[in-house]
Amino acid sequence: MEGAKLPKIFISRFGGLPDEEEFITAAENKKNTKTVINDWMLGPENPSNEPGANKPYWVKLAKAMQVDEKESRRRRCSNCEYYDNSTMTQAKMERIPQNQWDVNAGFRGYCNKFDFICHDLRSCQAWEEREFYSED
């Protein structure tokens, strides 16, 4: 194959993840986060694992989800169908600098529904139960 060029492989500092691997930008993450806050009740603004914390948020989310407050508190990004915290996704998210929405919010995950970085201590109105598959 005379004259044929082999593709260059760019290895980044992200655990061998190629630099050209597609992912959102910081600007897209910011825009999409604002959309989910405004249109899908992403919250609470100051997340906590303390029982009873952020009661107004969880009561409002419960009403929107048509469940009681206790159930709304169980529905976190971390157990949502759209939450991805795989190691590959973690490497991609390292490209996006942390911002004020990351502070005390728990572990980062990627929301595949709205294309933004969410957190395991938050929730939104679009929450859906994650399906688990049995090996049977």
Side-chain angles (χ1 to χ4, degrees):
M1 293 181 28
E2 191 173 315
K5 290 186 178 181
L6 295 176
K8 282 187 176 179
I9 298 176
F10 297 98
I11 303 300
S12 73
R13 60 191 166 144
F14 301 109
L17 183 68
D19 284 329
E20 65 274 3
E21 183 77 27
E22 284 191 40
F23 198 61
I24 60 169
T25 65
E28 290 168 328
N29 183 58
K30 184 177 182 178
K31 177 181 158 279
N32 294 346
T33 300
K34 284 182 180 182
T35 298
V36 183
I37 291 168
N38 294 332
D39 298 344
W40 292 93
M41 298 178 62
L42 178 65
E45 186 174 346
N46 299 303
S48 173
N49 269 327
E50 294 295 319
N54 299 300
K55 186 172 180 73
Y57 170 78
W58 293 109
V59 167
K60 186 176 178 181
L61 184 65
K63 185 175 180 179
M65 291 179 157
Q66 300 179 348
V67 298
D68 63 25
E69 178 191 350
K70 190 172 184 178
E71 178 61 22
S72 72
R73 288 178 180 272
R74 292 182 189 120
R75 297 180 178 193
R76 304 289 176 118
C77 290
S78 58
N79 61 15
C80 177
E81 176 69 22
Y82 307 115
Y83 186 83
D84 179 359
N85 64 347
S86 65
T87 54
M88 177 65 83
T89 300
Q90 290 296 315
K92 290 177 183 179
M93 288 188 295
E94 289 172 9
R95 297 176 181 172
I96 309 298
Q98 292 201 0
N99 59 40
Q100 78 279 359
W101 206 244
D102 288 294
V103 176
N104 297 320
F107 200 66
R108 284 173 135 195
Y110 187 74
C111 176
N112 287 303
K113 182 173 183 79
F114 296 117
D115 296 320
F116 80 106
I117 295 173
C118 54
H119 303 84
D120 60 2
L121 294 180
R122 290 203 167 92
S123 188
C124 83
Q125 192 176 353
W127 182 93
E128 287 191 35
E129 182 126 19
R130 180 177 291 156
E131 293 186 29
F132 292 95
Y133 300 97
S134 173
E135 303 258 339
D136 295 347

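Distance alone, capped at 3.5 Å, is enough to place a donor-acceptor pair between the N32 side chain and the D115 backbone. Under a 3.5 Å cut-off, the side chain of E131 and the backbone N or O of E81 do not form any donor-acceptor pair. Under a 3.5 Å cut-off, the side chain of R108 and the backbone N or O of H119 do not form any donor-acceptor pair.
Electrostatic pairing of E71 and R74 counts as a salt bridge here, judged by a charged N lying under 4.0 Å from a carboxylate O.
Within the 4.5 Å cutoff, side-chain heavy atoms of R73 are placed close to those of K55. For the pair F116/L42, a side-chain contact is recorded, criterion being any heavy-atom separation below 4.5 Å from C-beta on. At least one side-chain heavy atom of L121 sits under 4.5 Å from a side-chain heavy atom of N49. Using a 4.5 Å heavy-atom cutoff, the side chains of S48 and N54 are in contact. At a threshold of 4.5 Å between non-hydrogen side-chain atoms, the residues C118 and Y83 count as touching. Residues N29 and N99 meet the side-chain proximity criterion, which asks for heavy atoms closer than 4.5 Å. By the 4.5 Å heavy-atom criterion applied to side chains, R95 and F23 are counted as neighbours.
Residues that satisfy the side-chain contact (heavy atoms from CB on, under 4.5 Å) test with N79, not counting sequence neighbours, are R76, W127. Residues passing the side-chain contact (heavy atoms from CB on, under 4.5 Å) test with K113 are Y82, C111, A126, sequence neighbours excluded.
In the hydrophobic clustering of this structure, W58 groups with V67; members are Ile, Leu, Val, Met, Phe, Trp, Tyr whose side-chain heavy atoms approach within less than 4.5 Å, directly or through other members. V36 and W101 fall within a single hydrophobic cluster, where Ile, Leu, Val, Met, Phe, Trp and Tyr side chains are chained together by heavy-atom contacts under 4.5 Å. Linking Ile, Leu, Val, Met, Phe, Trp and Tyr residues whenever their side-chain heavy atoms come within less than 4.5 Å places I96 and Y110 in a single cluster.
For the atom pair CZ (R122) and SG (C80), the distance works out to 15.0 Å, reported to the nearest 0.5 Å.
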